[in-house]
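Take a look at the structure set out below.
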2 protein chains.
Amino acid sequence: MNIGEASEASGLPAKTIRYYEEIGLIRPRRDTNGYRAFKAGDVHKLAFLARARALGFSIEECRALLGLYEDETRASENVKALAQEHLHRVDTKIAELKALRATLDELIAACAGDHRPDCPILADLAAGNASREENGGAN
Amino acid sequence: MNIGEASEASGLPAKTIRYYEEIGLIRPRRDTNGYRAFKAGDVHKLAFLARARALGFSIEECRALLGLYEDETRASENVKALAQEHLHRVDTKIAELKALRATLDELIAACAGDHRPDCPILADLAAGNASREENGGAN
DNA sequence: GCTTGACCTTCCATCTACTGGAAGGAGCAT
DNA sequence: ATGCTCCTTCCAGTAGATGGAAGGTCAAGC
């Protein structure tokens, strides 16, 4: 199986597959012509990586997950710990974005959005007003 | 005012201030010794940038906002449009993260997290199961 | 006058996770 | 032989900084 087919089968761009080989996530054999030869197991790993990346795991976490996946003596607590750590980061990010969203929303609501130059959005940016995150909009 | 004080006053690291000068967001004068000499206006702009970046505006959006800020003949609708575009992106991002969070949460709940190797998280990653986003966890 | 230390300068490398493109080889059909 | 598609490697670039090396400047202390 050449890289084109592997790309098709895994859903990852060929460029990305080459990159994953470069950083050691996969090690496909090579044909005599130098072309990468992907076995079913390689494609399986690529799909695993695609899914893990889609869930937001970093490359290094994917590397660890792949290692655990291939380790028949793994303890599921290790996998769970990784996932929980990631979940925590996602929660933090969501909270940050929500706070930010609330501020943006307030500013936008306060802005007339017409031909005149007066603008509460610019006024807020200039004032460096952080109080909106503290009081006003509860998440 | 040297870069250290400007950093202190604006809340931005000196490295970042140099970077902002490099990409043309600010243009502080230079003293005869080559040191950057920040005026109150420069520091004001830096604080403006710090606040805009904290609200998640991209550098190019910050450049545009700064331009509008300095343009006394601006129309607030232009500022509002920029902010609304950004708000939309934030909303999209939040929705993505929430969906992802729901999936992670389900997987984590299903995993025993003990010494045994059986792990629904790895099983899901290997199966490339996208159905969880479609059905199960409503946002 | 000399050294020490804090501060400043520029320039280059590094980070994440790819992506784009150039230059050239391999394979297959005509 | 030609053309076309696929493959290869290598280099550069993205966003937005950040870290560090090598070296200039300045004020204080002895």
Side-chain angles (χ1 to χ4, degrees), chain A residues 1-39 42-43 45-46 48-66 85-86 89-90 93 96 100, chain B residues 1-39 42-43 45-66 85-86 89-90 93 96-97 100:
Chain A
M1 202 188 241
N2 284 344
I3 201 169
E5 288 173 273
S7 167
E8 190 75 19
S10 66
L12 288 171
K15 275 277 189 192
T16 301
I17 296 176
R18 292 196 191 95
Y19 173 66
Y20 284 176
E21 183 189 23
E22 190 188 324
I23 63 174
L25 286 178
I26 51 161
R27 302 185 191 284
R29 283 188 308 111
R30 294 295 181 125
D31 279 342
T32 47
N33 59 11
Y35 287 18
R36 289 170 184 81
F38 295 85
K39 289 175 294 186
D42 294 319
V43 174
K45 278 199 211 177
L46 287 172
F48 182 101
L49 290 168
R51 172 76 174 144
R53 290 289 298 131
L55 282 178
F57 287 99
S58 74
I59 288 287
E60 286 317 307
E61 284 168 327
C62 287
R63 195 190 299 278
L65 286 169
L66 206 49
E85 214 177 305
H86 180 40
R89 276 203 317 277
V90 171
K93 191 73 191 169
E96 284 170 5
L100 195 149
Chain B
M1 201 189 243
N2 284 345
I3 200 168
E5 287 172 274
S7 166
E8 190 75 20
S10 66
L12 288 171
K15 276 277 188 193
T16 301
I17 296 176
R18 291 196 192 97
Y19 173 66
Y20 285 176
E21 182 189 23
E22 190 188 325
I23 63 175
L25 286 178
I26 51 161
R27 303 184 189 284
R29 282 187 308 111
R30 295 295 181 124
D31 279 344
T32 48
N33 58 11
Y35 287 18
R36 288 170 185 80
F38 295 85
K39 288 174 295 184
D42 294 319
V43 174
K45 278 198 209 178
L46 287 172
F48 183 101
L49 289 167
R51 172 76 174 144
R53 290 290 298 132
L55 282 177
F57 288 99
S58 74
I59 290 286
E60 287 318 307
E61 284 169 326
C62 288
R63 196 190 300 277
L65 287 169
L66 207 48
E85 214 178 305
H86 180 40
R89 277 203 317 277
V90 171
K93 190 74 192 169
E96 284 171 6
L97 286 177
L100 197 149

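So that the names make sense, note that chain A is the first sequence line, chain B the second, and so on, each numbered from 1.
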Interatomic distance, [X] [atom1] vs [N] [atom2] [rounded to whole Å]:
X: B:Lys15; N: C:dT14; atom1: NZ; atom2: P; answer: 14 Å
X: A:Leu46; N: C:dC18; atom1: CG; atom2: P; answer: 12 Å
X: A:Ile59; N: C:dT19; atom1: CD1; atom2: P; answer: 10 Å
X: A:Tyr20; N: C:dT19; atom1: OH; atom2: C1'; answer: 12 Å
X: A:Ile3; N: C:dT19; atom1: CD1; atom2: C1'; answer: 14 Å
X: A:Glu22; N: C:dT19; atom1: CD; atom2: P; answer: 14 Å
X: B:Arg18; N: C:dC11; atom1: CZ; atom2: C1'; answer: 12 Å
X: A:Glu60; N: C:dA17; atom1: CD; atom2: P; answer: 8 Å

Task: Short side-chain N/O contact from A:Thr16 to OP1 or OP2 of C:dT19, under 4.0 Å - done: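 Affirmative; the distance criterion is met.
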
- [ ] Compare side-chain N and O positions of B:Arg36 against OP1 and OP2 of C:dT9 and report whether any pair is under 4.0 Å apart.
- [x]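 So the side-chain polar atoms of B:Arg36 do come within 4.0 Å of the phosphate oxygens OP1 or OP2 of C:dT9, strictly under.
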
- [ ] Would you mind classifying the nucleic acid contact of A:Arg53 as base, sugar-phosphate or nothing, using non-hydrogen atoms under 4.0 angstrom?
- [x] sugar-phosphate

- [ ] Please say which of A:Leu46, A:Asn2, A:Asp42, A:Val43 ends up in a side-chain contact (heavy atoms from CB on, under 4.5 Å) with A:Pro28.
- [x]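 Running side-chain contact (heavy atoms from CB on, under 4.5 Å) over A:Leu46, A:Asn2, A:Asp42, A:Val43 with A:Pro28 returns exactly one hit, A:Asp42.
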
If every non-hydrogen atom of [X] is compared with every non-hydrogen atom of [Y], which pair is closest and at what distance?
X: A:Arg53; Y: A:Cys62; value: CD-SG, 3.7 Å
X: A:Ala54; Y: B:Leu100; value: O-CD1, 3.8 Å
X: B:Leu65; Y: B:Ala52; value: CD1-CB, 4.4 Å

TODO: To the nearest 0.5 angstrom, please state how far the CD atom of A:Glu5 sits from the CZ atom of A:Arg36.
DONE: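 Here the interatomic distance stands at 14.5 Å.
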
Open item on the list: With heavy-atom distances below 4.5 Å as the criterion, would you say the side chains of B:Glu85 and B:Val90 are in contact?
Closed with: no

TODO: Taking the side chain as every heavy atom from C-beta outward, state whether A:Arg27 and A:Glu21 have any pair of such atoms under 4.5 Å apart.
DONE: no

TODO: Check every nucleotide of DNA chain D for an atom under 4.0 Å from a heavy-atom of chain A, then give the first and the last such nucleotide from 5' to 3'.
DONE: D:dC6 to D:dC10

TODO: Let me know, please, whether B:Tyr19 or A:Glu21 comes out on the 5' side of the other along DNA chain D by nearest nucleotide.
DONE: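 Result: A:Glu21.
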
